[in-house]
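Some notes on the structure that comes next.
Both counts, for ligands and for their atoms, begin at 1 and track the order of listing. Numbering of residues begins at 1 and proceeds along the displayed sequence.
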Amino acid sequence: MKKIEYATLTEIEKKLIIEAIKTRENAYSPYSQYKVGAAVLDINNNIHTGCNVESADYTLTTHAEMLAIDSMVKSGVTKVKEVAVVVKSDVGYGFPCGLCRQKIREFALNDDIIIYGVNLDRDKKIKDVYSALLSELLPGSFGPEFL
Ligand code: THU
Ligand code: ZN
């Protein structure tokens with residue numbers, strides 16, 4: 001993964017990140033206090049968003065990326081071109097967890113789609129933007145063509 005400048009992104013990529021930031025505000029995370037926002041860009045250049053949704057059961061949590069992808073599938077589209085994930089973390093970025101990487105893999109247009117990991121500062125302004133290819137985050141991955 002590499003750190004990139006937000007200003008160098010295309011308009012649609014900037015929009016993808018802004019939509020993920022907005023959706024993060026709706027995260028329901030009273031147990032972890034960790035809000036995540038995600039947005040996926042589909043092959044028709046439409047954006048679908050998600051936030052994490054926790055539960056008193058603890059195990060019953062929807063991840064932001066999962067909701068964004070399910071929202072795309074619900075709209076009738078099953079191919080993702082790009083993904084943005086937004087968190088506010090001292091670590092500096094927050095890429096999708098293993099489960100979400102596999103879910104993105106299921107619907108990714110190819111192995112080389114870009115995943116942006118965006119970190120916000122205290123004032124919820126964009127602090128750092130990192131970029132990684134799906135193939136970097138999930139090398140040698142399992143997918144539908146293996147069945
Ligand atoms: N979370 C996500 O939404 N996406 C990930 O890929 C990592 C984790 C959420 C789940 C939980 O609500 C909170 O972050 C802390 O794990
Ligand atoms: Zn996840």
Could you tell me whether some N/O pair between Ser29 and ligand 1 is separated by less than 3.5 angstrom? no
* To do: In plain terms, say whether Lys14 and Glu11 are close enough for a salt bridge, that is, a side-chain N and a carboxylate O under 4.0 Å apart.
  => yes
Here the atoms of ligand 1 under 4.0 Å from any heavy atom belonging to Val36 are 1 (N), 2 (C), 3 (O), 9 (C), 14 (O)
d(Phe107 CZ, Asp70 CG) to nearest 0.5 Å is 7.0 Å
Between Tyr28 and Tyr31, how do the two ring planes meet: parallel, tilted or perpendicular, split at 30° and 60°?
perpendicular
Practice problem: Compare all side-chain heavy atoms of Tyr93 with those of Lys3 and state whether any distance is below 4.5 angstrom. | Solution: no
Atoms of ligand 1 under 4.0 Å from any heavy atom of Pro96, numbered from 1 in the order shown, are 6 (O)
min-distance protein heavy atom vs atom 9 (C) of ligand 1 -> Asn52 ND2, 3.6 Å
Decide whether Thr8 and Glu5 meet the rule of one side-chain donor and one side-chain acceptor closer than 3.5 Å. no
*asked:* Between Ser135 and Asp112, is there a side-chain donor-acceptor contact under 3.5 Å, judged purely by atom types and distance?
replied: yes
of all protein heavy atoms, closest to atom 16 (O) of ligand 1 is Tyr34 CD2, 4.6 Å
Nearest heavy atom to atom 3 (O) of ligand 1, choosing from Ala64, Pro30, Ala38, belongs to Ala64
When distances are taken from atom 4 (N) of ligand 1, the protein heavy atom at minimum range is Glu65 OE1, 2.9 Å
Checklist entry - Are the side chain of Ser29 and the backbone N or O of Ser32 linked by a donor-acceptor pair below 3.5 Å? => result no
Rounded to the nearest 0.5 angstrom, the NZ-CD1 distance for Lys15 and Ile47 is 4.5 Å
Check your understanding: Quick one: does Cys97 get an N or O within less than 3.5 Å of an N or O on ligand 1?
Key -> yes
For Ser32, the ligand 1 atoms with a heavy-atom partner under 4.0 Å come out as 13 (C), 15 (C)
Closest non-hydrogen atoms of Val40 and Ala68, given as atom of the first, atom of the second and distance, are CG2-O, 3.9 Å
I want to know if ligand 1 touches Thr62 in the polar sense, i.e. an N/O pair below 3.5 angstrom. no
Does the side chain of Gln102 reach to within under 4.5 Å of the side chain of Phe142, using non-hydrogen atoms?
yes
Is atom 14 (O) of ligand 1 less than 4.0 angstrom from at least one protein heavy atom? yes
Between Lys35 and Arg24 the two heavy atoms that sit nearest each other are O-NE, 3.0 Å
Sorted by chain and number, protein N/O/S atoms nearer to the Zn ion (ligand 2) than 2.8 Å are His63 ND1, Cys97 SG, Cys100 SG
Note: Glu54, heavy atoms under 4.0 Å from ligand 1, region reported as side chain
